[in-house]
J.: 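Before I ask anything, let me first share the structure, which is written out below as structure tokens.
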Amino acid sequence: MDYFIQNIVSLLKEKTHLPGEEIERLIEIPPDFKMGDYAFPCYILSKTLKKAPNIIATELSRTLQTFINENTPESPFLKRGLREITEVKAVGPYVNFSVDKATLSEIALKTIYEEHDEYGNKNIGKGKTVVIDFSSPNIAKHLAVHHLRSALIGNAIRHIYKALGYTCVGINHLGDWGTQFGQLIVAYKKWGNENAHTSYTVTDLNNLYVKFHQEAEKNPGLEDEARAWFKKLESGDSEAKELWQHFKDISLKEFQKIYDLLGIHFDAFIGESFYNTMVEDTITRIKEKGLARVSEQALIVDLEPHNMPPCLLRKKDDTTLYATRDIAAAEYRKNTYNFDRMIYVVGSEQKLHFQQLFKVLELMGYEWANRCVHVDFGLMKFKDGKMSTRRGKVVLLEDLLTGAVERIRKIIEEKNPSLENKESVARDVGIGAVIFADLCTKRNKDVIFDWDEVLNFEGETGPYIQYTHARLCSILRKYGRPVTADIRFELLKEDEAIILIKNLGQFPSVILKAAEFYEPSLICNYLIDVCGHLNRFYNIHRVLSGDEELEKARILLVDATRQVVKNGLYVLGMQAPERM
RNA sequence: GCGCCAGUAGCUCAGCUGGAUAGAGCAUCGGAUUUCUAAUCCGGCGGUCGAGGGUUCAAAUCCUUCCUGGCGCGCCA
């Protein structure tokens with residue numbers, strides 16, 4: 001618990017007779033720093049005391065202030081903590097506490113200084129494993145802008161949980177199985193070209209896929225052919241398998257290029273096909289539990305008692321469905337990684353699917369079913385509708401990324417032409433801009449993709465955060481001496497400094513909250529706040545002033561801010577260039 | 001038809017486990033640089049928090065009805 005809150009709670013406990021936990025929960029931070037550093041709302045007392053909260057606040061603040069004045073010298077337990085409460089005053093229905101700013105600064109800045117790259121980390125997840133299923137694109141289709149979200153949110157969540165001490169296993173659950181491969185094989189055999197083995201690209205595969213759907217509208221028989229080919233694939237037909245493997249190789253090569261660009265790493269690429277050999281056992285187990293039955297020639301788990309549509313295990317042609325493979329995959333992952341939690345970062349259009357999946361796992365008797373979570377997110381849309389590879393209507397991820405890098409390159413040329421390593425900085429900032437733009441909004445909202453919006457680098461953007469970081473690095477370079485935490489903390493007395501320092505102290509709890517809600521956007525918003533406070537400070541107060549003591553103090557603040565921004569960018573999966 | 005999600009400034013969003021005057025950015029208008037990178041900062045403009053009803057001392061926040069948009073609802077993933 002925060003040092004000051006601890007003191008305030010023990011003080012209030014004595015005078016209000018409320019339980020400590022309750023008080024701690026109620027303590028908040030006033031909206032305006034001028035009101036004080038911490039606040040206790042008195043509404044809760046108005047019922048028992050039968051007085052208006054304003055009056056209670058006035059009386060309580062007077063009592064507390066008197067108590068502090070009287071007891072400071074003697075009380076051995078509260079002595080230090082009490083002396084650091086500099087003022088207790090009533091503001092409306094709140095009792096507001098002001099604390100000694102030098103102590104506040106010392107606690108926050110020393111912690112950051114000592115923990116540096118580990119600041120914000122915790123060990124609450126030590127010895128526990130989290131499996132994160134993310135990105136998981138479909139083979140034979142391009143990675144498009146709408147595939148970005150799962151990859152980025154998953155990657156950030158992975159970093160966040162790692163920071164909390166969890167062992168994270170990032171799995172790319174490739175969509176490399178299913179009727180669509182039957183479709184692709186049919187399309188390839190009908191319209192494909194002989195050189196597939198040497199020259200085919202994902203674009204070619206995607207064209208075949210689009211063509212299949214166009215043709216299938218005119219000729220529904222194609223769908224049956226496709227199902228037949230998938231059945232052959234599932235039963236191990238060598239021709240089908242060879243084609244499938246090729247489609248897969250081509251896709252993986254292209255995916256890897258993008259993941260490298262984004263700086264995203266997976267611990268395993270295990271596609272759906274991998275579970276093909278396990279689904280029979282899975283189905284057997286489901287049958288043994290008496291959960292499965294045949295309906296309309298298909299094998300299902302009836303979820304009617306749980307107010308859900310049935311979960312289909314096997315189609316009438318005997319091939320399996322993705323739900324079946326997902327059940328097998330969940331069992332496999334539990335056996336392999338013995339996870340404490342499993343997180344699926346998949347779009348919200350699959351919400352029902354995961355509800356069904358988790359329910360089936362629960363019905364199978366797996367106690368860990370309730371430790372599986374679907375971290376869903378809204379769709380990426382154009383102004384005029386949903387993106388879809390089926391209709392060939394997409395913005396390719398690669399184009400977006402190279403476009404952003406290109407744009408940054410121009411801006412560097414314009415603003416900082418003498419910069420070294422322009423190429424790598426342009427890449428870090430361009431990619432970072434895309435990452436930040438995507439992570440910045442709460443994940444369950446739909447995102448409307450707008451080139452102008454994504455390529456505007458002013459205001460609340462990735463480049464803004466990185467730019468702030470680069471300027472801080474620049475000051476430290478100019479300073480040229482080692483940073484020390486042995487400073488006179490009372491010199492950091494300006495409002496802009498205090499607000500910033502308090503903000504920096506919040507970082508660990510922001511990480512925690514982001515983990516709790518699986519919400520990387522909280523970190524984006526936090527970084528915008530920190531950078532805003534820093535830039536305000538930077539604009540008003542000179543760091544390298546010539547006054548040695550003051551310089552030392554402000555340098556520590558600069559370094560601490562740099563560190564927090566760097567750590568924050570890291571968990572988002574972004575680079576923090578030192579010059580730009 | 002049923003279910004889930006969203007609706008806050010012209011635009012994009014924050015605030016939502018009830019609490020102090022509803023905040024940012026973009027756009028627009030006006031200002032700040034002999035000094036640490038102006039990808040910055042300051043100010044102006046801009047809001048019946050989709051609509052009605054309810055709970056409460058207190059509602060953008062909780063409940064309810066309705067409206068609008070998105071997604072989903074057995075052999076795709």
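The chains referred to below are lettered A, B, ... by the order of the sequence lines, with proteins before strands, and numbering in each begins at 1.
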J.: What's the gap between B/A59 and B/C41 when it is taken at their P atoms, as a whole Å value?
T.: 35 Å

J.: For B/U37 versus B/A20, give the span between their C1' atoms, rounded off to a whole number of Å.
T.: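 39 Å, rounded to whole Å.
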
J.: Got a donor-acceptor contact below 3.5 angstrom from the A/Asp446 side chain to the A/Gly378 backbone?
T.: no

J.: Hey, which sits more toward the 5' end of RNA chain B by its nearest nucleotide, A/Val91 or A/Tyr322?
T.: A/Val91

J.: Taking only the side-chain nitrogens and oxygens of A/Arg443, find out if one of them lies under 4.0 Å from OP1 or OP2 of B/C5.
T.: no

J.: Identify, with sequence neighbours excluded, every residue that meets ring-ring contact (aromatic ring centres under 6.0 Å, His included) alongside A/Phe40.
T.: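 By the ring-ring contact (aromatic ring centres under 6.0 Å, His included) rule, A/Phe40 matches no residue at all.
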
J.: Could you tell me how the ring of A/Tyr209 sits relative to the ring of A/His213: parallel (under 30°), tilted (30 to 60°) or perpendicular (over 60°)?
T.: perpendicular

J.: Using atom names, set out every protein N or O paired with an N or O of nucleotides 35-39 of chain B below 3.5 Å, distance rounded to 0.1 Å.
T.:
from  : atom 1 : to       : atom 2 : distance (Å)
B/U35 : O2'    : A/Arg542 : NH1    : 2.9
B/U35 : O2'    : A/Arg542 : NH2    : 2.6
B/C36 : O4'    : A/Arg542 : NH2    : 3.0
B/C36 : O3'    : A/Lys478 : NZ     : 3.1
B/C36 : O2     : A/Leu544 : N      : 3.1
B/C36 : N3     : A/Val543 : N      : 2.9
B/C36 : N4     : A/Tyr538 : O      : 2.7
B/C36 : N4     : A/His541 : O      : 2.6
B/U37 : OP1    : A/Ser474 : OG     : 2.4
B/U37 : OP2    : A/Ser474 : OG     : 3.3
B/U37 : OP2    : A/Lys478 : NZ     : 3.4
B/U37 : O2'    : A/Tyr467 : OH     : 2.0
B/U37 : N3     : A/Met580 : O      : 2.8
B/U37 : O4     : A/Met580 : N      : 2.9
B/U37 : O4     : A/Met580 : O      : 3.4
B/A38 : OP2    : A/Arg471 : NE     : 3.3
B/A38 : OP2    : A/Arg471 : NH2    : 2.1
B/A39 : OP1    : A/Tyr467 : OH     : 3.3
B/A39 : OP2    : A/Lys415 : NZ     : 2.6

J.: So if I take every side-chain heavy atom of A/Arg227 and compare against B/C76, B/A24, B/A77, which nucleotide ends up nearest?
T.: B/C76

J.: Using atom P in both nucleotides, what's the gap between B/G1 and B/G46 to the nearest angstrom?
T.: 42 Å

J.: Mind checking what makes salt bridge (Lys or Arg N to Asp or Glu O under 4.0 Å) contact with A/Asp302, not counting sequence neighbours?
T.: A/Arg293

J.: For B/G31 versus B/G52, give the span between their C1' atoms, rounded off to a whole number of Å.
T.: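 45 Å, rounded to whole Å.
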
J.: Going by ring-ring contact (aromatic ring centres under 6.0 Å, His included), name the residues that satisfy it together with A/Phe457, two or more places apart in sequence or in a different chain.
T.: none

J.: Could you give the distance separating B/U68 and B/A24 at their C1' atoms, to the nearest angstrom?
T.: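 The answer is 26 Å between these two C1' atoms.
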
J.: NA contact type, A/Gln350, heavy-atom cut-off 4.0 Å: base, sugar-phosphate, or nothing?
T.: base

J.: Here's a test for you: under ring-ring contact (aromatic ring centres under 6.0 Å, His included), which of A/Phe377, A/Tyr518, A/Phe358 qualifies with A/Tyr344?
T.: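 Exactly one candidate clears the test, A/Phe358.
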
J.: So which one's nearest nucleotide on RNA chain B is more toward 5', A/Glu460 or A/His353?
T.: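 Residue closer to the 5' terminus by nearest nucleotide: A/Glu460.
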
J.: Rounded to the nearest Å, what distance is computed from the CG atom of residue A/Asp450 to the C1' atom of nucleotide B/C26?
T.: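 After rounding, the reported distance stands at 11 Å.
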
J.: Quick one: label A/Asn96 by what it contacts on the DNA or RNA (base, sugar-phosphate, nothing), any heavy atom closer than 4.0 Å.
T.: base

J.: Rounded to whole angstrom, note down the P distance from B/G15 over to B/C62.
T.: 12 Å

J.: Mind checking which stems touch RNA chain B? I mean at least 3 consecutive Watson-Crick or G-U pairs, both distances under 3.5 Å.
T.: B:1-7 with B:67-73, B:10-13 with B:23-26, B:28-32 with B:40-44, B:50-54 with B:62-66

J.: In chain order, what residues pass the ring-ring contact (aromatic ring centres under 6.0 Å, His included) check against A/Tyr332, with sequence neighbours excluded?
T.: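 A/Phe274, A/Tyr275.
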
J.: Contact class for A/Leu312 vs. all strands (heavy atom < 4.0 Å): base, sugar-phosphate, or nothing?
T.: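 Touches a base.
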
J.: Could you tell me which residues satisfy ring-ring contact (aromatic ring centres under 6.0 Å, His included) with A/Phe230, sequence neighbours excluded, listed by chain and number?
T.: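 ring-ring contact (aromatic ring centres under 6.0 Å, His included) check on A/Phe230 returns A/Trp177.
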
J.: Between A/Phe449 and A/Trp451, how do the two ring planes meet: parallel, tilted or perpendicular, split at 30° and 60°?
T.: perpendicular

J.: For nucleotides 17-19 of chain B, tabulate all protein N/O to nucleotide N/O atom pairs closer than 3.5 Å, reporting atom names and distance.
T.:
from  : atom 1 : to      : atom 2 : distance (Å)
B/G19 : O2'    : A/Tyr43 : OH     : 3.0
B/G19 : O2'    : A/Tyr94 : OH     : 2.1
B/G19 : N3     : A/Tyr43 : OH     : 3.4

J.: If we take the C1' atom in both B/A60 and B/A14, what is their distance in whole Å?
T.: 12 Å

J.: Between the protein and nucleotides 59-62 of chain B, which nitrogen or oxygen pairs come in under 3.5 angstrom?
T.:
none

J.: Given B/C57, is OP1 or OP2 found less than 4.0 Å from the side-chain N or O atoms of A/Lys51?
T.: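 Negative; the distance criterion is not met.
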
J.: Give the nucleotide from the list B/C5, B/C73, B/C41 with an atom nearest to the side chain of A/Asn535.
T.: B/C41

J.: If the cut-off is 4.0 Å, is A/Asn444 near the phosphate of B/A6, judged by side-chain N/O to OP1 or OP2?
T.: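 True: A/Asn444 side-chain N/O within range (under 4.0 Å) of B/A6 OP1/OP2.
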
J.: Would you please test A/Cys473 and A/Arg562 for side-chain contact (heavy atoms from CB on, under 4.5 Å) and show each step?
T.: CA-CA 7 Å; A/Cys473 290; A/Arg562 177 200 59 77; 3.8 Å; yes

J.: By a strict heavy-atom criterion of less than 4.0 Å, which residues belonging to residues 293-308 of chain A are in contact with RNA chain B?
T.: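 Within residues 293-308 of chain A, the residues near RNA chain B are A/Ser295, A/Glu296, A/Ala298, A/Ile300.
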
J.: Do any pairs count as a salt bridge (Lys or Arg N to Asp or Glu O under 4.0 Å) and have a residue in residues 171-186 of chain A, sequence neighbours left out, and if so which ones?
T.: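 Applying salt bridge (Lys or Arg N to Asp or Glu O under 4.0 Å) to every pair that reaches into residues 171-186 of chain A, excluding sequence neighbours, yields A/Asp176-A/Lys248.
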
J.: Heavy atoms under 4.0 Å, any strand shown: does A/Ala39 hit a base, just sugar-phosphate, or nothing?
T.: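 Base, at least one base heavy atom under 4.0 Å.
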
J.: With a 4.0 Å cutoff (strictly under), does any side-chain N or O of A/Lys141 reach OP1 or OP2 of B/A77?
T.: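 It does not, given that no N or O in the side chain of A/Lys141 lies less than 4.0 Å from OP1 or OP2 of B/A77.
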
J.: Look at the side chain of A/Pro310 and decide which nucleotide, out of B/G15, B/C76, B/G74, has an atom nearest to it.
T.: B/G74

J.: Give every residue pair that meets the side chain to side chain donor-acceptor pair (under 3.5 Å) criterion with at least one member in residues 31-40 of chain A, sequence neighbours excluded.
T.: A/Asp2-A/Tyr38, A/Asp37-A/Lys101, A/Asp37-A/Lys502

J.: Once you apply a heavy-atom cut-off of 4.0 Å, does A/Gly92 come out as touching a base, just sugar-phosphate, or nothing?
T.: nothing

J.: Looking only at atom C1', what distance separates B/G10 and B/G53, rounded to whole Å?
T.: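 Pairwise C1' distance, B/G10 against B/G53, rounds to 31 Å.
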
J.: May I ask you to say whether A/Arg536 pairs ionically with A/Glu494, meaning some side-chain N is under 4.0 Å from a carboxylate O?
T.: no

